[in-house]
There are 4 protein chains.
Amino acid sequence: MDATPPQHLSARKKPRQARSAATLEAIFEATIQVLLREGIHRLTTTRVAERAGVSVGTMYQYFPHKQALLYALNERYLDLVAERVEAACQAQYGASTKTMVEVLVTTYWQAKTERSEVTRALYRSAVELDNEALIDAFARRMDAATIAMLKSAPDAVYANIDLVNVTLLSVIFGTVRNDFERDLPASEQAEIRHQLTLMCLSYLEMSGG
Amino acid sequence: MDATPPQHLSARKKPRQARSAATLEAIFEATIQVLLREGIHRLTTTRVAERAGVSVGTMYQYFPHKQALLYALNERYLDLVAERVEAACQAQYGASTKTMVEVLVTTYWQAKTERSEVTRALYRSAVELDNEALIDAFARRMDAATIAMLKSAPDAVYANIDLVNVTLLSVIFGTVRNDFERDLPASEQAEIRHQLTLMCLSYLEMSGG
Amino acid sequence: MDATPPQHLSARKKPRQARSAATLEAIFEATIQVLLREGIHRLTTTRVAERAGVSVGTMYQYFPHKQALLYALNERYLDLVAERVEAACQAQYGASTKTMVEVLVTTYWQAKTERSEVTRALYRSAVELDNEALIDAFARRMDAATIAMLKSAPDAVYANIDLVNVTLLSVIFGTVRNDFERDLPASEQAEIRHQLTLMCLSYLEMSGG
Amino acid sequence: MDATPPQHLSARKKPRQARSAATLEAIFEATIQVLLREGIHRLTTTRVAERAGVSVGTMYQYFPHKQALLYALNERYLDLVAERVEAACQAQYGASTKTMVEVLVTTYWQAKTERSEVTRALYRSAVELDNEALIDAFARRMDAATIAMLKSAPDAVYANIDLVNVTLLSVIFGTVRNDFERDLPASEQAEIRHQLTLMCLSYLEMSGG
DNA sequence: AATGAATGAGTCTTCATTCAT
DNA sequence: GATGAATGAAGACTCATTCAT
């Protein structure tokens with residue numbers, strides 16, 4: 001994510017050697033595990049360090065403070081999601097609008113749902129974290145990826161593609177999150193996802209034609 | 001909200017006298033204020049009590065613990081929103097689908113946006129709160145209200161109204177929340193809201209009559 | 001108990017009317033109940049008042065503070081025990097030393113054991129209570145009662161009856177309390193009690209006669 | 001003491017280094033001091049830490065909570081007493097019953113009386129502490145030590161040594177504690193102690209022969 | 001006289017962060 | 001560089017006591 005993070009939230013050092021990268025990864029994974037098993041109010045630096053198999057001191061070598069760790073964790077997560085969506089978008093260049101929408105909805109939904117508990121945990125970790133910059137950067141990446149894709153569609157041209165696109169993303173992202181929070185049964189979620197696709201499609205037809 | 005709250009989250013006593021009611025209100029308002037001005041990690045029982053102009057002890061006479069306070073706060077908020085939406089829905093009985101959708105989107109959007117900072121604060125306060133019951137109850141109320149409204153539409157009949165309705169609500173609620181979190185400029189928000197209305201409309205036309 | 005209690009521990013008012021006496025009794029009984037069911041660290045004035053069926057305010061009319069309540073409770077308890085022992089002693093005037101010792105041990109043991117949980121609770125309540133005066137007064141009453149009894153024995157005369165007597169009481173009271181704290185099975189307790197009687201008897205024979 | 005303490009009462013870590021051992025000792029001593037000077041109801045974690053010259057945090061590194069500290073303190077104390085009595089018993093192997101009893105009474109009395117204020121403080125600290133296991137373990141150790149000693153006496157054989165022994169210990173321990181609580185003048189205590197010895201001796205003669 | 005809501009000092013306990021080893 | 005013991009400020013919550021009604 002090329003978001004310029006609020007100065008105080010940046011990690012202390014970039015992983016140069018493999019050793020560092022492994023440690024960093026362990027810390028991230030540990031954070032998620034603690035978040036999952038203990039809940040956010042038991043997410044302490046000591047516990048994370050312990051589960052990561054490093055000392056607190058070492059952890060503080062990587063992150064100047066707890067917030068920086070959580071910030072980085074979210075950054076990393078959004079990066080992964082963004083990459084998946086971008087890849088999916090690029091793969092659809094020139095495809096039909098229908099396919100595009102189906103793929104977009106499915107990809108995002110899956111990215112969020114695959115480890116749904118993790119996603120939920122991360123949502124929690126982001127609270128009271130000054131992560132606007134992160135979200136903005138993510139949104140911009142997504143915007144760029146989907147606009148480029150939509151523009152390549154052979155069957156549609158949009159008068160106001162920026163607006164159409166931002167609407168499309170708002171609706172998709174928002175709906176996914178909403179369903180997330182309601183914890184509906186998988187079958188119902190699938191139905192809603194399908195309806196969402198239909199809705200987006202009809203919207204694009206209406207807007208693009 | 002007729003959600004049966006997890007036993008441990010229920011408030012300690014109901015305000016019988018006017019005095020109590022006023023105190024309760026002061027506590028709620030104070031909680032919101034602290035949440036707004038200080039952020040969730042500075043939301044302490046002491047601070048809330050202080051701003052509410054009561055002693056901590058008094059606060060604990062109303063709520064057995066901090067979580068119960070936050071739970072009650074969310075409950076109260078969702079009640080207000082639910083009431084507004086219900087009222088709006090009832091007022092549209094027999095109106096055109098177009099009007100219905102417009103009113104629904106607008107009402108919900110406004111209910112959330114009017115004191116948008118408060119809404120945001122409440123979203124934060126809900127983290128790590130076992131408020132599933134609350135959300136469920138809210139969702140059911142909304143479901144009932146909108147289904148009843150849609151059924152009264154003279155210009156449409158839906159084969160699978162339950163699915164259509166839950167999709168509609170998921171999309172609307174989700175999109176509103178999403179835009180919320182992105183903190184877009186008001187003008188852009190308005191545009192998206194408009195597009196959302198169009199999208200819902202086209203979806204209903206496609207699904208209904 | 002005619003102990004002059006430390007000024008600050010005396011009850012606020014003496015029960016003049018039946019009403020007061022009943023209330024007082026209720027408070028005492030409630031205190032014991034709370035002590036038994038909740039433990040000493042949950043023995044709060046509110047809880048006691050609640051179980052006694054009176055308001056805290058009322059309770060404070062009877063006792064200027066919590067300590068005074070506990071003091072009075074212990075006083076009352078020791079009075080009851082003392083009365084029982086005194087009565088038993090008087091009834092043995094002129095009896096044989098053997099009978100005297102048997103009765104003394106049995107009476108005291110029973111007085112403590114009958115509601116052994118209560119006794120235990122009271123021991124706990126006495127901690128950090130300035131109840132030396134109480135214990136002294138009790139000891140003096142017991143001393144007087146047993147000395148008078150022993151003097152009336154037709155079969156023995158003691159050179160140093162004061163010392164013999166204080167030893168006797170120390171041993172009996174101490175042993176009872178000790179067995180108390182160890183919570184031994186009833187059968188074993190009975191055996192020990194019997195042995196204790198034999199021991200006392202042999203001691204008296206050795207000292208008197 | 002090889003009592004298996006109730007899980008939740010065990011100390012957090014064993015002192016490995018000298019440093020830790022010193023800290024631990026300081027905490028124990030501080031606890032006793034506070035108990036002595038301020039009384040049990042002013043025995044707070046903060047005060048103990050302060051007097052021990054460490055931070056509360058450090059204290060909590062050694063003991064998971066206040067109760068664990070008190071438990072450990074009692075454990076340590078009983079260990080010391082037990083060791084003294086055991087040593088004394090072993091030293092009397094083969095001695096006369098008279099000597100044995102004299103040594104037993106004297107040793108126990110001294111162990112408890114030397115720092116009588118401390119003993120008293122510890123009795124208080126034990127209230128509302130689930131220390132049955134501790135007391136049991138102590139009792140068993142004492143039982144074993146004195147039975148072994150008595151068996152080695154050249155001048156007596158007991159038909160029912162278990163019962164005789166438990167009675168003996170009950171009487172001695174109980175009487176000591178009782179005199180303790182009454183706070184009698186030292187001279188009178190000495191007299192009682194002497195009488196106690198005589199009484200025990202006469203009991204053993206009667207039982208052993 | 002009785003009530004019980006209100007008070008707020010005081011308790012235990014946690015945990016981010018530092019720094020001597 | 002890594003460690004993890006030590007720190008102590010800050011938080012949630014309790015409860016003896018008062019006093020307006």
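Naming: A, B, ... by sequence-line order, numbering from 1 per chain. Below, each value reflects all heavy atoms present in this structure, side chains not excepted, and no hydrogens, waters or symmetry copies.
The residue A/His41 sits close only to the backbone: its heavy atoms come under 4.0 Å of sugar-phosphate atoms, none of a base.
For D/Glu38 and E/dG10, the CD to C1' distance is 14 Å, given to the nearest whole Å. With rounding to whole Å, C/Ile40 atom CD1 is found 11 Å from F/dA16 atom P. Distance D/Leu43 CG to E/dT11 P: 10 Å, rounded to the nearest Å. The interatomic distance linking C/Glu50 (CD) with E/dT3 (P) rounds to 13 Å, in whole Å. One atom, CE of A/Met59, and another, C1' of E/dC15, lie 12 Å apart when rounded to the nearest Å. Spacing between atom OH of A/Tyr60 and atom P of F/dG1 amounts to 18 Å, rounded to whole angstrom units. Distance B/Leu24 CG to E/dA6 P: 11 Å, rounded to the nearest Å. Following rounding to the nearest Å, B/Lys66 (NZ) and F/dG11 (P) show an atom-to-atom distance of 9 Å.
Looking at D/Glu50 and D/Arg47, no side-chain N of the basic residue comes within less than 4.0 Å of a carboxylate O on the acidic one, giving no salt bridge. Taking a cutoff of 4.0 Å between a charged side-chain nitrogen and a carboxylate oxygen, A/Arg115 and A/Glu29 qualify as a salt bridge.
As the counterpart of F/dT14, E/dA9 is assigned, both hydrogen-bonding distances of the Watson-Crick or G-U wobble pattern falling under 3.5 Å. Across all strands shown, E/dT14 pairs with F/dA9; the Watson-Crick or G-U wobble distances both stay below 3.5 Å. Under the Watson-Crick or G-U wobble criterion, with both distances below 3.5 Å, F/dC19 is paired with E/dG4.
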Checking side-chain contact (heavy atoms from CB on, under 4.5 Å) for the pair A/Thr45/A/Phe63: CA distance, chi angles, key distance, verdict? CA-CA 11 Å; A/Thr45 51; A/Phe63 303 100; over 6 Å; no
Let me see the working for D/Arg76 and D/Leu73 under side-chain contact (heavy atoms from CB on, under 4.5 Å), right down to the final yes or no. CA-CA 5 Å; D/Arg76 178 167 156 281; D/Leu73 186 64; 4.0 Å; yes
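Defined by atom type and a distance below 3.5 Å, a donor-acceptor pair is present between the side-chain atoms of B/Thr58 and B/Ser55.
Distances were taken from every side-chain heavy atom of D/Val54 (C-beta onward) to each of F/dT7, E/dA6, F/dA6; the shortest belongs to F/dT7. Checking F/dC13, F/dA2, E/dT7 against every side-chain atom of B/His65, the shortest atom distance belongs to F/dC13. Candidate nucleotides F/dT3, F/dG11, F/dA16 were compared by shortest atom distance to the side chain of C/Thr44, and F/dA16 ranks first. Taking only side-chain atoms of D/Gln61, from C-beta outward, the nucleotide of E/dA5, E/dA9, F/dT7 with the closest atom is F/dT7. Here E/dT17 is the nucleotide among F/dA12, E/dT17, F/dA9 with the atom lying nearest to any side-chain atom of A/Thr45.
Comparing B/Val56 and A/Thr46 against DNA chain E, the residue whose closest nucleotide sits nearer the 5' end is B/Val56. DNA chain F is contacted by both D/Gly57 and B/Gly57; D/Gly57 maps to the nucleotide lying nearer its 5′ end (nearest heavy atom per residue). If you find the closest nucleotide of DNA chain F to D/Ser55 and to C/Arg47, the one lying nearer the 5' end belongs to D/Ser55.
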